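One structure is given below, encoded as structure tokens.
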2 protein chains.
Amino acid sequence: MAYTEHDNVASGVVIPLRTSDRDVEWREFARSTRVKYQRLEQHSVVFYEGDKADRVFEVIEGAVMLFKLLPDGRRQVVDVLGPEDVFGLPRGRDYDCNAETLSRTTLRVFDRRDAENRTEVQGHLARCLTAQVEKLHDHAVLLGRKSAFERVASFLFRCVPACQQLDCLGDQRTGGESVIVLNMTRQEIADYLGLTIETVSRVISEFKRKGLILLEKQDRIRINNLCGICRLTGTH
Amino acid sequence: MAYTEHDNVASGVVIPLRTSDRDVEWREFARSTRVKYQRLEQHSVVFYEGDKADRVFEVIEGAVMLFKLLPDGRRQVVDVLGPEDVFGLPRGRDYDCNAETLSRTTLRVFDRRDAENRTEVQGHLARCLTAQVEKLHDHAVLLGRKSAFERVASFLFRCVPACQQLDCLGDQRTGGESVIVLNMTRQEIADYLGLTIETVSRVISEFKRKGLILLEKQDRIRINNLCGICRLTGTH
DNA sequence: CGCGCCCTTGACCAGACTCAATATTAGTGG
DNA sequence: CCACTAATATTGAGTCTGGTCAAGGGCGCG
């Protein structure tokens with residue numbers, strides 16, 4: 001239990017609830033059950049594939065990536081989770097993938113049996129899972145059918161807070177602009193998009209050359225032309 | 001509502017329940033609510049992406065594929081569903097993908113509001129969705145990180161009834177054998193595996209040449225060496 | 001200032017795609 | 001039952017996208 005040492009918020013501590021946290025039952029549940037909070041540094045392991053799945057997690061703040069490894073070391077990041085996302089619910093006894101933080105992260109930790117036995121929170125879980133299934137459907141399209149350019153453009157586009165799942169909303173003439181923070185290394189992006197680190201780098205450089213983006217820092221990108229990126233995603 | 005004409009089993013008709021249908025609440029729900037049954041021929045459309053999502057479906061018998069299309073016509077099959085799988089639960093108002101039968105199929109049809117309002121069935125839905133998420137994780141690894149050979153081998157291996165999610169269980173010397181029915185055209189397989197029809201065909205021919213498999217019909221394949229195929233999946 | 005870690009860039013290579021021709025299968029009607 | 005047709009699958013040749021391998025650059029940190 002590698003994370004016990006990080007448990008620095010005792011149960012009972014009040015965390016302000018956002019209004020977007022709509023599910024009343026889930027809120028009640030979080031208050032009533034034995035719940036812990038974990039603060040984790042960047043690149044901390046939450047659990048490994050194959051670990052006994054006795055805890056369920058909810059991202060309060062920060063970001064977590066889920067990934068799987070093939071025996072020869074190839075890695076695929078299967079999901080990137082943010083606030084309000086729930087993870088750590090496998091079908092069987094063990095976790096089906098690895099979970100690692102991408103940035104400094106706060107998690108809410110439940111006992112798995114609590115989450116599974118309380119009928120009043122199943123609805124919330126079902127809705128979370130539904131959202132995840134939709135995201136995975138989109139990602140399957142990206143991995144199965146999109147070119148390297150389209151993959152990176154899609155990735156950048158989805159990092160734009162206002163464009164999470166909307167269409168391009170930038171000004172049609174200027175193209176609209178936005179600054180995004182990736183919180184992922186090139187390697188993590190590559191493993192998420194099913195590419196190599198070199199290909200990701202080349203595509204980003206090409207976008208830069210075309211004036212679509214500008215690298216303020218390596219993981220901090222200014223998008224100068226949202227519409228331009230959006231058009232390259234292949235989706236619109 | 002293209003499928004209304006196929007509704008040929010009125011509510012109240014008793015359909016034998018299998019013992020694997022473990023969720024008592026779900027069974028009760030299926031009995032108590034206004035539920036219909038649909039018999040569909042091969043390659044019938046259940047719904048289109050963007051249709052108003054007012055119905056939830058459960059596969060009773062047969063197989064259904066879910067797929068998405070890009071504006072230029074590229075297609076990705078995001079999931080292939082069998083008996084007991086539930087589909088048609090989007091986050092928003094509309095279905096996020098298209099659903100089509102792969103073979104002659106019987107579906108149970110629920111009203112979406114019924115499924116969402118009944119707290120007693122949310123647990124069942126959460127479990128179904130959990131299983132789907134795990135399957136989608138595996139598929140992301142396949143699409144993002146596996147070679148054409150590994151993809152086709154993985155696909156064939158997962159079509160073996162006894163190997164659904166088990167390891168290879170064939171005799172180590174002979175390799176074990178099994179006959180599988182694909183119920184999918186080469187095009188559908190290609191769109192599921194993120195390949196082209198030609199690549200799928202070439203890989204299958206290569207497996208045939210190596211004596212690993214034997215085509216009894218185009219969609220009926222005898223696997224002569226289960227272990228051999230299993231070893232080529234990249235997963236073990 | 002220098003070390004180490006990422007990231008970028010270039011040259012080359014290979015696996016999968018494209019386009020085109022042919023073969024096979026399934027379905028239809030005589 | 002067989003001939004004919006349309007749909008599907010296979011095979012080949014050539015191309016191209018993205019991977020591999022290797023060298024160099026930039027940035028943060030001690």
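From a predicted model like this one, the values you see are computed outputs, not experimental measurements.
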Exercise. Looking only at side-chain N and O atoms, does T199(A) come under 4.0 Å of OP1 or OP2 in dG18(D)?
Worked result: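 For T199(A), the contact criterion (side-chain N or O under 4.0 Å from OP1 or OP2 of dG18(D)) is not met.
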
Problem set entry | T196(A) side chain near dG19(D) phosphate (N/O to OP1/OP2, under 4.0 Å) |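 T196(A) to dG19(D) OP1/OP2: side-chain N or O found under 4.0 Å.
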
Problem set entry | Heavy-atom donor-acceptor pair, T233(B) side chain to R231(B) backbone, under 3.5 Å |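 No; zero donor-acceptor contacts below 3.5 Å.
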
Exercise. Judged by atom type as modelled, is there a donor-acceptor pair below 3.5 Å linking the side chain of E188(B) to the main-chain atoms of T185(B)?
Worked result: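 Flag set: sc E188(B) to bb T185(B) pair under 3.5 Å.
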
Rounded interatomic separation in angstrom, taking [atom1] from [X] and [atom2] from [N]:
X       : N       : atom1 : atom2 : answer
N183(B) : dT8(D)  : CG    : C1'   : 16 Å
R186(B) : dT24(C) : CZ    : P     : 14 Å
L182(A) : dC6(C)  : CG    : C1'   : 14 Å
D219(B) : dT24(C) : CG    : P     : 18 Å
L193(B) : dG15(C) : CG    : C1'   : 16 Å
I189(A) : dC6(C)  : CD1   : P     : 14 Å
R151(B) : dA16(C) : CZ    : P     : 7 Å
I204(B) : dT11(D) : CD1   : P     : 11 Å

Side chain of [X] only, heavy atoms from C-beta on: which candidate in [options] is closest?
X       : options                  : answer
S201(B) : dG18(D), dT11(D), dT9(C) : dT11(D)
L195(A) : dG12(D), dC7(C), dG19(D) : dG19(D)
A148(A) : dT11(D), dT8(C), dG18(D) : dG18(D)

Charged N-O contact under 4.0 Å between [X] and [Y]:
X       : Y       : value
R75(A)  : D191(A) : yes
K68(B)  : D138(A) : yes
K146(B) : E150(B) : no

Is there a donor and acceptor pair, one atom on the side chain of [X] and one on the base of [N], closer than 3.5 Å?
X       : N       : result
Q218(A) : dC5(C)  : no
E198(A) : dC21(D) : yes
R202(B) : dT18(C) : yes

Using a heavy-atom cut-off of 4.0 Å across all strands, would you classify [X] as base, sugar-phosphate, or nothing?
X       : result
S205(B) : sugar-phosphate
L215(B) : sugar-phosphate
T185(B) : sugar-phosphate

Exercise. Considering the options D79(B), V80(B), D96(B), which one meets the side chain to side chain contact (heavy atoms under 4.5 Å, CB included) requirement together with L66(B)?
Worked result: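 Among D79(B), V80(B), D96(B), the one meeting side chain to side chain contact (heavy atoms under 4.5 Å, CB included) with L66(B) is D79(B).
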
For this session: Could you check K217(B) against M184(A) and say which one's nearest nucleotide on DNA chain C is further toward the 5' end?
Result: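 That would be M184(A).
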
Problem set entry | Whichever of R145(A) and I197(A) has its nearest DNA chain C nucleotide further upstream toward 5' |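 Nearest nucleotide further toward 5': that of I197(A).
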
